[in-house]
Amino acid sequence: MNSIFDDTIAGVKELLNSSLTTKADAQDLSDNIGVSVATMYRYKKEPELIPFGILLKIKEHLGHPINTPDYVLKSPNDFVVAEERRLSFEQSCSGGSRYVVTPIFSVNSETEEFTRAVAKYDYPEATDEQIENLVKIRRKRCVVYKKGEYKSFELIDASKYRDFYLGVNRFSMLSQECINRQVDELVKSTLLSNVERRIYLYNTPELPVVSCYEVDTKKKAFLKCVVRADDFVTEYTNENSPESATEIKKMFDKFYETKTNLVTPEDVIDFLKNPMKYPLF
């Protein structure tokens, strides 16, 4: 996490300690970034728990710049371009690994019915052509994924998956039949030999939404990392930002290895079929 923000963890902690010397300071910063004062003090004590988007807001409010990413997509209308870039990463990741923290589940396991419904909700101003282009690109990603071109390590956020399963909030437009078909597809893809899924059972700390693509062979070696925060996407590579890319991969490893995670395929499938059986921490 540290180099992403042009600071070490200790540096972020020092920044908050020097900036939040009074309760009024904490209240002012909390009001400006949209979290409670109690949450702000928790971040001050454990800066490694700060979500990417929140840390951007904190540093902006305090007048501290962030490290410049290698590539930035600032507009939600660039979602087709973002999808094309991730397809290119996965196509070039043959023989390597993908590491992804996902709010619900990997898009590579989505049914096209699900993709269309959620895309129309996420991008209400998108044209039918844009939605269909997204579906076509995602179909190609799915083919590469199911062929086992790379090893896929995936961490599912249990609290967000519950919303999908119950058809609420972002997923309120889904029919029960659509949800059932999507769950069936997830169960099938969990059994793919190149897929290793885990379930993150915490409500907090929040998971950073990241994807890392890594290949390390005699013919090629790279690490490309994608971080999503609010309406923009940033990318870091070990070619241009080696420390940042490495730290993002370490951040993934930390959450992927959390002791309360569900790990075995049997437990993951049981959760996917009925997440309400599992308490959140």
Side-chain angles (χ1 to χ4, degrees), residues 33-36 39 51-54 57 73 75-83 86 100-139 141-142 145 154-190 197-211 226-233 255 262 268-281:
I33 66 173
V35 302
S36 69
T39 297
F52 180 75
I54 295 295
K57 293 179 181 179
L73 284 169
S75 171
N77 294 324
D78 292 332
F79 66 93
V80 175
V81 175
E83 194 73 15
R86 286 192 280 274
V100 57
V101 173
T102 175
I104 42 172
F105 41 79
S106 173
V107 299
N108 304 65
S109 293
E110 288 182 4
T111 66
E112 292 188 9
E113 175 188 18
F114 176 90
T115 299
R116 287 189 178 91
V118 174
K120 289 178 180 177
Y121 176 87
D122 288 343
Y123 312 108
E125 298 181 1
T127 65
D128 289 342
E129 181 180 9
Q130 286 177 306
I131 298 296
E132 288 310 306
N133 284 338
L134 173 70
V135 172
K136 289 177 183 177
I137 298 167
R138 196 156 289 179
R139 189 182 300 144
R141 291 182 65 187
C142 183
Y145 178 75
E154 304 167 13
L155 187 57
I156 292 174
D157 187 330
S159 63
K160 303 297 188 301
Y161 184 87
R162 280 185 170 190
D163 284 355
F164 153 73
Y165 181 81
L166 296 172
V168 299
N169 298 327
R170 182 184 174 215
F171 309 102
S172 58
M173 87 298 290
L174 299 178
S175 68
Q176 188 59 55
E177 291 76 14
C178 177
I179 292 172
N180 293 343
R181 284 190 286 270
Q182 181 61 70
V183 171
D184 289 343
E185 181 61 31
L186 290 172
V187 170
K188 291 177 185 177
S189 57
T190 299
R197 285 189 178 136
R198 297 187 179 186
I199 309 297
Y200 181 81
L201 292 175
Y202 274 101
N203 265 321
T204 56
E206 298 176 48
L207 283 177
V209 182
V210 300
S211 302
V226 179
V227 183
R228 284 166 285 168
D230 298 327
D231 286 337
F232 61 93
V233 178
F255 288 105
L262 300 179
V268 170
I269 288 173
D270 191 52
F271 171 87
L272 294 173
K273 289 182 175 180
N274 185 5
M276 309 312 292
K277 292 167 56 176
Y278 293 85
L280 302 183
F281 296 92

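We count residues from 1, following the sequence as given.
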4.5 Å side-chain heavy-atom contact, V209 and P103 = yes
Heavy atoms of P279 and R162 approach each other most closely as CA-NH2, 4.2 Å
Is atom CG of D128 surrounded by more than 12 heavy atoms (other residues, nucleotides or ligands) closer than 6.0 Å?
-> no
Closest non-hydrogen contact found for V80 with Q130 is CG2-O, 3.7 Å
Gap between atom CG of N108 and atom CZ of R86 - 0.5 Å precision | 10.0 Å
Apply salt bridge (Lys or Arg N to Asp or Glu O under 4.0 Å) to K136 and E132, showing your working.
-> CA-CA 6 Å; K136 289 177 183 177; E132 288 310 306; over 6 Å; no
Test item: side-chain donor near acceptor, S36 and T39, under 3.5 Å | yes
Beyond-backbone contact of I156 with R197, side-chain heavy atoms, under 4.5 angstrom = yes
May I ask you to decide if the ring planes of F171 and F164 are parallel, tilted or perpendicular, using 30° and 60° as cut-offs?
-> perpendicular
Spatial distance of atom CD (E110) from atom CZ (R141) [nearest 0.5 Å] = 9.0 Å
Residue pair R170, D163: steps toward the side chain to side chain contact (heavy atoms under 4.5 Å, CB included) verdict = CA-CA 8 Å; R170 182 184 174 215; D163 284 355; over 6 Å; no
Apply ring pair (Phe, Tyr, Trp, His ring centres under 6.0 Å) to Y202 and list each qualifying residue two or more places apart in sequence or on a separate chain.
-> Y200, F281
Can you tell me how far the CG atom of D157 sits from the CD1 atom of I199, to the nearest 0.5 Å?
-> 9.5 Å
Distance (rounded to the nearest 0.5 Å) between L134 CG and D122 CG = 9.5 Å
Go through the side-chain N and O atoms of T115 and R139 and say whether any donor and acceptor fall under 3.5 Å apart.
-> no
Are side-chain heavy atoms of F255 and V210 found at a separation under 4.5 Å?
-> no
Who passes ring pair (Phe, Tyr, Trp, His ring centres under 6.0 Å) against Y145, sequence neighbours left out?
-> none
Spacing of CD1 belonging to I179 relative to CD belonging to Q176, to within rounding of 0.5 Å = 5.0 Å
With a 4.0 Å cut-off, would you call E177 and R181 a salt bridge?
-> no
Quick one: are the ring centres of F114 and F105 less than 6.0 Å apart?
-> yes
With rounding to the nearest 0.5 Å, note down the distance linking OG1 in T127 to CG in N133.
-> 7.5 Å
Identified side chain to side chain contact (heavy atoms under 4.5 Å, CB included) partner of Y165 from the options I104, L272, N274 | N274
Residue pair S109 / Q182: nearest heavy atoms and the distance that separates them | O-NE2, 2.9 Å
